[in-house]
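Everything below concerns the one structure shown next.
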Amino acid sequence: MNHRPPLGAPAVWQAVMAAAGGHCQCTGGLCGSQHSDTGRRCLNSSAHGRLLIAPADLTLTTVAAAAVPAEELRAWCAGCHAKARARQLASLRELERQTADEPLSLF
């Protein structure tokens with residue numbers, strides 16, 4: 001397992017990695033994969049490559065994500081992070097589309 005923390009905020013990275021046991025914390029459905037052959041949890045670990053640290057809500061702005069307390073951060077493998085972020089952004093866009101006011105009629 002790669003225990004070398006990134007240059008920025010190594011104490012936060014180590015705390016999140018310790019809580020995650022060095023594994024991706026994606027569970028069935030977040031990234032679109034049910035991870036059904038692995039008990040509904042992604043088995044990627046820091047041994048498979050560097051894990052990312054990010055909040056569960058991947059639609060937050062960079063500034064808002066930086067303010068999330070360490071206890072609310074999760075470890076993500078790159079694949080699950082990218083897929084989960086795309087799914088969350090698509091859901092947010094759809095919600096905004098559904099709740100938008102009807103445009104004024106043209107005629």
Side-chain angles (χ1 to χ4, degrees):
M1 186 169 3
N2 185 352
H3 289 290
R4 197 171 96 206
L7 294 175
V12 172
W13 186 85
Q14 289 172 337
V16 174
M17 280 298 118
H23 285 82
C24 177
Q25 291 180 295
C26 182
T27 54
L30 293 176
C31 69
S33 170
Q34 293 298 315
H35 301 296
S36 57
D37 56 337
T38 59
R40 299 187 49 82
R41 177 147 186 219
C42 179
L43 292 182
N44 285 334
S45 69
S46 53
H48 297 104
R50 178 136 342 241
L51 294 177
L52 308 169
I53 303 299
D57 182 357
L58 299 173
T59 63
L60 294 175
T61 65
T62 305
V63 173
V68 173
E71 306 82 49
E72 297 177 24
L73 295 173
R74 322 178 100 178
W76 296 88
C77 70
C80 288
H81 180 267
K83 292 173 189 171
R85 185 169 190 275
R87 288 172 54 96
Q88 287 183 17
L89 287 172
S91 289
L92 181 63
R93 282 191 301 271
E94 179 61 20
L95 179 64
E96 289 172 348
R97 187 190 67 76
Q98 289 178 0
T99 59
D101 293 332
E102 291 291 321
L104 299 173
S105 73
L106 296 174
F107 304 100

If you define the side chain from C-beta out and look only at heavy atoms, does anything of L58 sit under 4.5 Å from W76? yes
Residue pair S45 / H23, side-chain heavy-atom distance below 4.5 Å: yes
If I take atom CZ from residue R85 and atom SG from residue C80, how far apart are they, to the nearest 0.5 angstrom? 15.5 Å
What's the shortest heavy-atom distance between R41 and A20, and which atoms? NH2-O, 3.4 Å
Would you compute the distance between atom NE2 of H81 and atom SG of C26 and round it to the nearest 0.5 angstrom? 11.0 Å
Would you please test E94 and R97 for salt bridge (charged side-chain N to carboxylate O under 4.0 Å, His left out) and show each step? CA-CA 5 Å; E94 179 61 20; R97 187 190 67 76; 2.6 Å; yes
Distance in Å, K83 NZ paired with L30 CG, rounded so as to fall on 0.5 Å steps: 12.5 Å
Output the distance between atom CG (L52) and atom SG (C77), rounded to the nearest 0.5 Å. 8.0 Å
Give me the atom names and distance for the closest heavy-atom approach of V16 to A70. CG2-O, 3.8 Å
Could you tell me whether the side chain of R40 reaches within less than 4.5 Å of the side chain of T27, counting heavy atoms only? no
Exercise: identify the closest heavy-atom pair between P55 and L60: CG-CD1, 3.9 Å
Considering only heavy atoms from C-beta outward, does the side chain of R74 approach that of I53 to under 4.5 Å? no
With a 3.5 Å distance limit and no angle check, can you tell me whether Q88 reaches the backbone of A56 through a side-chain donor-acceptor pair? yes
